[in-house]
Amino acid sequence: MNLYFMPGACSLASHIILHELGVEHNLIRVDGASKRTADGKDYLQINPNGYVPALQLDDGRVLTEGPAILQYLADSHADKDLAPQCGSFERAKLQQWLNYTGTELHKNFGPLFAAAATPAEKQAATAKLEKRLQSVERQLEKTPYLLGDKFSVADAYLYVILRWASQLSLPLESFPSIRHYQERLAKRPGIIAAQKDEGLA
Ligand SMILES: N[C@@H](CCC(=O)N[C@@H](CS)C(=O)NCC(=O)O)C(=O)O
């Protein structure tokens with residue numbers, strides 16, 4: 001199984017889950033500018049959208065879109081209990097959080113990473129993120145993980161996004177439950193191992 005990644009990008013969530021599940025994998029780095037892979041391929045032949053993550057199975061089939069990869073990995077190792085059963089209300093809650101993280105958090109980081117974004121655009125994105133993080137804070141005041149008592153693939157995705165917040169000095173002081181969650185998750189062996197493999201602190 002190959003995971004195509006860029007260090008610290010949203011692909012880190014899928015990478016964390018591969019470690020959490022103990023699945024053997026090859027980690028293949030993609031150069032964002034040239035779209036070439038570290039093993040000399042044209043990444044656009046693997047994911048024509050050019051972004052990471054992409055998961056390539058041993059039979060060559062490719063799955064893209066982080067939330068789909070996360071759920072595929074969890075469902076392929078259901079004994080590890082990283083996603084509620086398909087069709088259950090709890091599974092819909094997982095999808096609620098994956099979608100919220102993708103559309104309301106992840107995508108609002110765009111202007112903060114974009115060199116071409118104006119200070120006003122960055123300020124607007126920060127304000128939006130602070131607002132959207134309030135729902136996360138409210139959930140984590142009540143439960144240790146997004147879905148309750150158990151770590152799930154949604155937590156891996158949220159962890160990666162919160163890592164960006166720390167990196168970009170987005171203030172999390174007013175979110176004490178998020179900060180405690182972040183500290184707790186950072187101690188998980190799967191998270192430590194994935195970050196180490198990507199050369200991250
Ligand atoms: N819809 C995609 C978005 C993936 C995405 O935004 N990937 C970013 C890294 S976090 C990327 O590869 N950006 C480089 C590019 O678009 O060229 C998903 O959820 O997997």
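Index from 1, following the sequence. Values below: all heavy atoms of this structure, side chains included; hydrogens, waters and symmetry mates excluded.
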Within the distance-only criterion (no hydrogens, no angle test), does the side chain of [X] pair as donor or acceptor with the backbone N or O of [Y] below 3.5 angstrom?
X: Trp97; Y: Ala92; result: no
X: Gln195; Y: Ile192; result: no
X: Asn108; Y: Ala125; result: no
X: Thr126; Y: Lys122; result: yes
X: Tyr100; Y: Arg132; result: yes
X: Gln182; Y: Tyr159; result: no
X: His19; Y: Ile17; result: no

Should we count [atom1] of [X] as having more than 12 external heavy atoms under 6.0 Å?
X: Lys80; atom1: NZ; result: yes
X: Asn26; atom1: CG; result: yes
X: Gln167; atom1: CD; result: yes
X: Lys41; atom1: NZ; result: yes
X: Gln96; atom1: CD; result: yes

Inter-residue atom distance [X].[atom1] - [Y].[atom2], 0.5 Å rounding:
X: Lys150; Y: Glu90; atom1: NZ; atom2: CD; answer: 9.0 Å
X: Leu146; Y: Tyr181; atom1: CG; atom2: OH; answer: 4.0 Å
X: Ser152; Y: Leu158; atom1: OG; atom2: CG; answer: 9.5 Å
X: Leu112; Y: Leu129; atom1: CG; atom2: CG; answer: 6.0 Å
X: Ser11; Y: Glu198; atom1: OG; atom2: CD; answer: 5.5 Å
X: Cys10; Y: Trp164; atom1: SG; atom2: CH2; answer: 5.0 Å

>> Does Arg36 qualify as a cation-pi partner of Tyr43, given the criterion of NZ or CZ under 6.0 Å from the six-membered ring centre and within 45 degrees of its axis?
In response: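 No, Arg36 does not lie over the aromatic ring of Tyr43.
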>> Taking the six-membered ring of Tyr145 as reference, does the cationic atom of Arg184 (NZ for Lys, CZ for Arg) lie under 6.0 Å from its centre and within 45° of its axis?
In response: yes
Are a donor atom and an acceptor atom from the side chains of [X] and [Y] found within less than 3.5 Å of each other?
X: Glu141; Y: Ser177; value: no
X: Gln56; Y: Tyr4; value: yes
X: Thr143; Y: Gln139; value: yes

What I'd like to find out is whether the side chain of [X] reaches to under 4.5 Å of the side chain of [Y], using heavy atoms alone.
X: Arg163; Y: Leu12; result: yes
X: Glu130; Y: Pro171; result: yes
X: Leu98; Y: Gln71; result: yes
X: Leu94; Y: Leu147; result: yes
X: Thr101; Y: Val160; result: no
X: Thr64; Y: Leu55; result: no
X: Gln134; Y: Arg138; result: yes
X: Leu170; Y: Leu133; result: yes

> Taking the inter-plane angle between the rings of His15 and Phe5 on a 0 to 90° scale, is it parallel (under 30°), tilted (30 to 60°) or perpendicular (over 60°)?
Replying inline: tilted
Do you know the tightest heavy-atom contact between [X] and [Y]?
X: Met1; Y: Leu73; answer: SD-CD2, 4.1 Å
X: Pro53; Y: Asn47; answer: O-ND2, 4.4 Å
X: Arg91; Y: Ala83; answer: NH1-CB, 3.8 Å
X: Ala74; Y: Val153; answer: CB-CG1, 3.9 Å
X: Ser14; Y: Ile69; answer: OG-CG2, 3.5 Å
X: Ser88; Y: Pro84; answer: OG-CB, 3.9 Å

Are [Y] and [X] co-members of a hydrophobic cluster defined by side-chain heavy atoms under 4.5 Å apart?
X: Leu18; Y: Val30; result: no
X: Leu105; Y: Phe113; result: yes
X: Leu21; Y: Tyr157; result: yes
X: Leu82; Y: Leu63; result: yes
X: Leu185; Y: Leu172; result: yes

Carboxylate-amine/guanidinium contact [X] [Y], below 4.0 Å:
X: Asp42; Y: Lys35; value: no
X: Asp155; Y: Arg188; value: no
X: Arg29; Y: Asp31; value: no

> Given the rule in the side chain to side chain contact (heavy atoms under 4.5 Å, CB included) test, do Phe151 and Glu20 qualify, once you have shown the distances and angles that lead to the verdict?
Replying inline: CA-CA 10 Å; Phe151 175 86; Glu20 292 277 341; 3.8 Å; yes
